[in-house]
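From a predicted model like this one, the values you see are computed outputs, not experimental measurements. First the proteins, then the strands, lettered A, B, ... as listed; each starts at 1.
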2 protein chains.
Amino acid sequence: MRKVSPSTVGRLSIYLRVLSELDGLGAETVSSEELASRCGTTAAQVRKDLSFFGTFGKRGRGYAVEELISALRSILGLERRYRVALIGAGRIGVALLGYRDFQEQGFHIEAVFDADPKKVGQRWGGMTVRPDAELEQALAEEGIDIVIVAVPAEVAQSVVDRVVAAGVRAILNFAPTKLQVPAGVALKNVNMALELEGLSFALARESRPRTRRTA
Amino acid sequence: MRKVSPSTVGRLSIYLRVLSELDGLGAETVSSEELASRCGTTAAQVRKDLSFFGTFGKRGRGYAVEELISALRSILGLERRYRVALIGAGRIGVALLGYRDFQEQGFHIEAVFDADPKKVGQRWGGMTVRPDAELEQALAEEGIDIVIVAVPAEVAQSVVDRVVAAGVRAILNFAPTKLQVPAGVALKNVNMALELEGLSFALARESRPRTRRTA
DNA sequence: ATATGTGAACATTTTCACAGCT
DNA sequence: AGCTGTGAAAATGTTCACATAT
């Protein structure tokens, strides 16, 4: 059980979501085939993904839904609570603050920061926006595990450098820029512009369809 | 020039962003080496990615920044304007509406819908929220190219089915659920919960570190 | 001299196919 | 009989290394 690809981890999250639905519907058991079709993948892929972490199924019977849910939550590290700080109280930041789902999933936003003096002191969803200058100290005091970066692209790298220097090992970046982090720091990006461009590419593709012949 | 992987397309978007920065800084030319290092990839990867679409560089000299920008914009289909509809005027939806960057990039939000009668008629960033019932008709009338789905997970699939039936071929999904679309419809997901779980996994990993020995 | 474009080597990921439990 | 777990095969994606152009 070594070397797990990010795609595998992403799929585990999807399996978990679908399993929760199935559990809600009262399903006790599920086959890799069934799970795969609901997750848009293949049965072999499901089994292979799970096999990296152990053996969870019963041959001839499938997977026990509740058991597999626990197993996945444990694998994904979702059994604990994470302390999250949000940097940037702009549009996206504020939208995230209102997003109750995070709390329920165990990701609790404990502090919000902004560099703009006009934003500092404002209250959002029970939190007061704190000044950028308090960042390093607050990260340590609050024992922050994960930082969400929701600042303009131009300043994102400098914010990340500070956060990393302060000892944070996990960052979720919403700024539309490629960030550099040292090894040992986990970085994930949420980039709507990039996804829109992917759609644009797909649309452009299909309007000049068929195979070949340009000249 | 056939079969282009999604990762290649994603990287093209990143190259474009970095090239725009370089252009802003007055750079006339850039080597694959330089571009790669700024994009967090390798020179060979850059050259290979570009080579799927043609030959853009000058040997011994590198790539002309402005030329490559145009080429990438053309490849990604960014030279035209896209008409976008937003479905769901909740927190995320409203945050997106205020996001001026999309407009500048050529993605214009032309209509906003919500199923909640309390939201219908509200104005956001110069747009009036329209009732869900008008969806199909409006998509056709406005000639919508891309739909952004920002509704609760439970109703996302039914919204997508309607949108696809209405002829839309590109969807950006913010609902935390795996959507099914027929072949020929491009679907991209922006899923913060999934990314947070990826971070959770990474953190869980490194707290039980080293290689092996659990029992 | 320098840096591209690319076939061939390598690595990783996905799929196949089947032995082995239940 | 049914469905998992898993090596082996196939497909896909990345890196190397070098001939080639300026």
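- Distance L35(B) CG to dG5(C) P: 12 Å, rounded to the nearest Å.
- For the pair Q45(A) and dT15(C), the criterion of a side-chain N or O lying under 4.0 Å from OP1 or OP2 is met.
- When each of T8(A) and G57(B) is assigned the nucleotide of DNA chain C with its nearest heavy atom, G57(B) is the one assigned upstream, toward the 5' end.
- Residue K48(B) contributes atom NZ, which lies 13 Å from atom C1' of dT12(D) at whole-angstrom precision.
- A cation-pi arrangement is absent between R11(A) and Y15(A) under the rule of less than 6.0 angstrom and at most 45 degrees off the ring axis.
- Ionic pairing of R17(B) and E21(B) is not present here: no N-O contact between side-chain nitrogen and carboxylate oxygen is shorter than 4.0 angstrom.
- A sub-4.0 Å separation between OP1 or OP2 of dT12(D) and a side-chain N or O of S5(B) is absent.
- In this entry the distance linking CG of L12(B) with P of dG13(D) reads 14 Å, nearest Å.
- The CZ atom of F56(B) sits 17 Å away from the C1' atom of dA21(D) (whole-angstrom rounding).
- Residue D49(A) contributes atom CG, which lies 14 Å from atom C1' of dT4(D) at whole-angstrom precision.
- Sorted by first and then second residue, the salt bridge (charged side-chain N to carboxylate O under 4.0 Å, His left out) pairs involving residues 187-196 of chain A (not counting sequence neighbours) form an empty list.
- A salt bridge (charged side-chain N to carboxylate O under 4.0 Å, His left out) with D145(A) is found for exactly one of R83(A), R169(A), R80(A), namely R80(A).
- In the displayed structure, E66(B) atom CD is contacted under 6.0 Å by at most 12 heavy atoms of other residues, nucleotides or ligands.
- Remark: P of dG2(D) and CD of E33(A) are 13 Å apart, rounded to the nearest angstrom.
- The residues D101(B) and R91(A) are annotated as not salt-bridged, no charged nitrogen and carboxylate oxygen being separated by less than 4.0 angstrom.
- The listed nucleotides are dG5(D), dT14(D), dC3(D); the one nearest the side chain of S31(A) is dC3(D).
- Side-chain contact between R162(B) and L135(B) is present, with at least one heavy-atom pair separated by less than 4.5 Å.
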Look for any protein N or O under 3.5 Å of an N or O in nucleotides 20-22 of chain C and output each such pair with its distance, or none.
residue : atom : partner : partner atom : Å
dG20(C) : N3   : R59(A)  : NH1          : 3.3
dT22(C) : O4'  : R59(A)  : O            : 3.1

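- Candidate nucleotides dG13(D), dA8(C), dT6(D) were compared by shortest atom distance to the side chain of R47(A), and dT6(D) ranks first.
- Phosphate proximity of dG5(C) to Y63(B): present, with a side-chain N or O under 4.0 Å from OP1 or OP2.
- Using a 4.0 Å heavy-atom criterion, one finds that S32(B) contacts the sugar-phosphate atoms exclusively.
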